[in-house]
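Taking it in order: structure first as structure tokens, then the write-up.
Keep in mind it's a predicted model, so treat the numbers as computed, not measured. Proteins get letters first, then strands, A, B, ... in listed order; numbering begins at 1 in each.
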Amino acid sequence: MSERALTAQEPRVGHEGVARPRLRVRAAQARRGAGRHAWRETADRLRQPDPLLHVAPPAAREGSPHEHGGGQRGRRAAGRSRSLHPCHTRPQRSGGTRAGVSDREQEVRRQRLAALREAGVDPFPPRTGPRTPVADVRERFDDKSAEELEQLAESVAVCGRILAQRSFGKLVFVTLVEEGVRLQVSARKQEMDPDVFRFVKKLDVGDFARFAGPVWRTQKGELSVDVREVQLLAKSLRPLPEKWHGLKDVEARYRQRYLDLIVNEEARRIAVIRSSTLRAMRSFLDARGFLEVETPVLQPLYGGAAALPFTTHHNTYDQQLYLRISDELYLKRLVTGGLDRVYEIAHNFRNEGISKKHNPEFTMMECYQAYADYREMMELTEAMFCEIARQVCGDTKVEYQGASIDFTPPWPRIEMTRAIEEATGIDVLEAGELSSLRAAMRGKGLDLGSAPTWGKLVDDLFGDHVEPEMVQPTFVIDYPWELSPLAKRSPDNPRLVERFEAFVAGMELGNAFSELNDPDDQRQRLEAQAGDAADGDEEAHPLDEDYIRALEHGLPPTGGLGVGVDRLVMVLADAPNIREVILFPHLRPEVEGS
RNA sequence: GGGCGCGUAGCUCAGUUGGCAGAGCAGCGGACUCUUAAUCCGCCGGUCGAAGGUUCGAAUCCUUCCGCGCUCACCA
């Protein structure tokens, strides 16, 4: 079989069939040249003697040509339709299908793809074969000298994506990357089968391949795998972004995050930090006896936060549903049911504005602990953030946007009303009505905004004048009850509730209270919210009778905490925008004709 | 939603007073056994975001629209 392929005198085979009629003559000629070489390297490929690099001969494949080719086509078609995300109603500006360089670059690669298939080489083989992770190779041999490596004469097989290729005629260097770790592969014509050598030269940047051969050090001292055998693992049909400048276009980085991850180390670093953060958080809570649970995303009534929901509909039940804005009310039902310590790391959905701190879909960890109050939740919060920082960043101090942030407990506590008074000179409890507070603010020359209720106005004051100043981790405690319909009243001052928010880097990262477990008080508070709704506060909570019923069965004294996971990751990763820590942030759709 | 800015080759970017659309990288062909942003020679590559307008002539000026960013508003 391989002999037949090697002696084939029909270099045109394999490219006529894929020529695109819209290409001009000169381009077609260029392609013909490329196709010939593609054919030749494919023939070379068939000669590989290494059993590790097993390639089924064409004869063996003829039994299932439909399954094979059809499967590939089907997969490509599926891939295309998947790439047409609902938001992407036209091809991407970058890498789109309109005529241009990319088109012809893809054309060349499709030529090679076709030539490989023609020669019976699967460009997307189902199995990889034995391999050593690149990171392991580096770990084992990075500290070995050239002489030591020569004595060891150890062969490995490494796999990864080709990031760059530097060719010197009879010597080729390939930069391979796997899991973010790079390794150089060298191919010396003198040291290997010349057909394999040619095959290496014709691999494209972006291809996945497996290289087998001894580990050595080049004259310039670079650790390399000296290729003896090669196997194409997956063909890449589109060019990678520029190797030096990378992918900078912010929109392209968000829309095609996979490219961002390939060429920008920062994207990978943040993804890893996010994963580590979640792992550290789970391990912290698990170690304290919390049970991880899952509660509905589709809820018949939304609640647990002041926010507007997304609405949706269930066809079979003809039921109006909301995507959850919070899982709070469900988690407290579970505590009522005797699951005394529960947590959920949940995606919440809020139909509101987008900013560098807000994505419509975001991740919140909420945990509830029976028999605890908000002071114990403060201690839990401090300990958790500190431990997560240590696990993720290796230190309880982290750099965020030029500021050093120290998570070491205890964090300072300050009463909310005192914080506002210190910042603005206004005692919001004294100015305890919407009208008097507005008057007080007017007296200080402050912007009144459009807050419809006293509580909202206090919240605005706090957000404008206090929140941005809280760079070091700080607990703001004891909120006016109007702001917190789910928190228990303070025994010392009935106008306040036992609530705290944790602020870091000017952002709210945590929110907690001694949970309100008096069903009658809860009902009154939610009814007051209904009044606020009538006053124009469209975020006021609807009344959830089923939740009240659960409280009537008895909720133990419970401390609850919510943590904005995305924002926590921002701080730990030193990312200035929430979109950097969400792999696929919400973007406006690209529209046909734009 | 308002204000400001941006949108030019697959990627990163130039483009002068309104006067032939440019570079580097990538790609293709060639040379090359030590590169790691390889180098050298040659070549290919454009709906200048879209539509309309002004003009002898528009990437450039005007209008509208689309997308992105920053910012304000909104927003746990």
Check your understanding: Step by step, would you call A/Ser236 with A/Asp207 a side-chain hydrogen bond (donor to acceptor under 3.5 Å, both in side chains)?
Key -> CA-CA 5 Å; A/Ser236 167; A/Asp207 287 353; 4.7 Å; no
For [X], which contact category applies under a 4.0 Å heavy-atom criterion: base, sugar-phosphate, or nothing?
X: A/Gly221; answer: nothing
X: A/Arg350; answer: sugar-phosphate
X: A/Asn577; answer: sugar-phosphate
X: A/Lys356; answer: sugar-phosphate
X: A/Thr175; answer: nothing
X: A/Ser186; answer: nothing
X: A/Arg567; answer: sugar-phosphate

Practice item. Please evaluate the base of B/C11 for a donor-acceptor partner in the side chain of A/His245 within a cut-off of under 3.5 Å? Key: no
Review point. What do you reckon, are the aromatic ring centroids of A/Phe503 and A/Phe462 less than 6.0 Å apart?
Key: yes
Integer angstrom distance from the [atom1] of [N] to that of [M]:
N: B/U60; M: B/U36; atom1: C1'; answer: 41 Å
N: B/A14; M: B/C25; atom1: C1'; answer: 15 Å
N: B/G46; M: B/A23; atom1: P; answer: 14 Å
N: B/G15; M: B/C6; atom1: P; answer: 12 Å
N: B/C40; M: B/C32; atom1: C1'; answer: 9 Å
N: B/G10; M: B/G3; atom1: P; answer: 33 Å
N: B/U12; M: B/A21; atom1: P; answer: 24 Å
N: B/U63; M: B/U17; atom1: C1'; answer: 23 Å

Base-pairing mate for [N] - Watson-Crick or G-U, with both contacts under 3.5 Å:
N: B/C61; value: B/G53
N: B/C13; value: B/G22
N: B/C70; value: B/G3

Pairing of [X] and [Y] as salt bridge, 4.0 angstrom limit:
X: A/Lys456; Y: A/Asp459; result: no
X: A/Glu382; Y: A/Arg413; result: yes
X: A/Glu266; Y: A/Arg253; result: no

Review point. Counting distance only, does the side-chain N/O of A/Glu580 pair as donor-acceptor with the main-chain N or O of A/Asn577 below 3.5 Å?
Key: no
Review point. Is a side-chain donor or acceptor of A/Arg324 paired with a backbone partner of A/His347 at a separation under 3.5 angstrom?
Key: yes
Can you tell me which nucleotide in [options] comes closest to the side chain of [X]?
X: A/Ser167; options: B/C34, B/C32, B/G27; result: B/C32
X: A/Gln219; options: B/C25, B/C34, B/C68; result: B/C34
X: A/Lys170; options: B/C68, B/U33, B/C34; result: B/U33
X: A/Glu105; options: B/U36, B/A26, B/C34; result: B/A26
X: A/Pro241; options: B/C68, B/C34, B/C11; result: B/C11
X: A/Pro239; options: B/G10, B/U36, B/C28; result: B/G10
X: A/Lys201; options: B/A26, B/C32, B/U33; result: B/C32
X: A/Asp204; options: B/U33, B/C11, B/C28; result: B/C28

Reckon [X] has a side-chain N or O less than 4.0 Å from the OP1 or OP2 of [N]?
X: A/Arg112; N: B/C28; result: yes
X: A/Lys248; N: B/C25; result: no
X: A/Arg253; N: B/C68; result: no

Gap between atoms [atom1] and [atom2], on [X] and [N] respectively (whole Å):
X: A/Phe173; N: B/C34; atom1: CZ; atom2: P; result: 8 Å
X: A/Glu251; N: B/C66; atom1: CD; atom2: P; result: 14 Å
X: A/Phe168; N: B/U36; atom1: CZ; atom2: P; result: 7 Å
X: A/Arg255; N: B/G10; atom1: CZ; atom2: C1'; result: 18 Å
X: A/Arg166; N: B/C40; atom1: CZ; atom2: P; result: 16 Å
X: A/Met192; N: B/U33; atom1: CE; atom2: C1'; result: 13 Å
X: A/Gln106; N: B/G27; atom1: CD; atom2: P; result: 14 Å
X: A/Arg217; N: B/U36; atom1: CZ; atom2: C1'; result: 14 Å

Review point. Looking only at heavy atoms, which two atoms of A/Ala187 and A/Phe197 are closest? And how far apart?
Key: O-CE1, 3.3 Å
Exercise for review: Specify the residue among A/Arg188 and A/Leu247 whose closest nucleotide of RNA chain B lies further upstream toward the 5′ end.
Suggested key: A/Leu247
Practice item. Return the 5'-most residue of the pair A/Gly510, A/Glu191 with respect to RNA chain B, ranking by each residue's nearest nucleotide. Key: A/Glu191
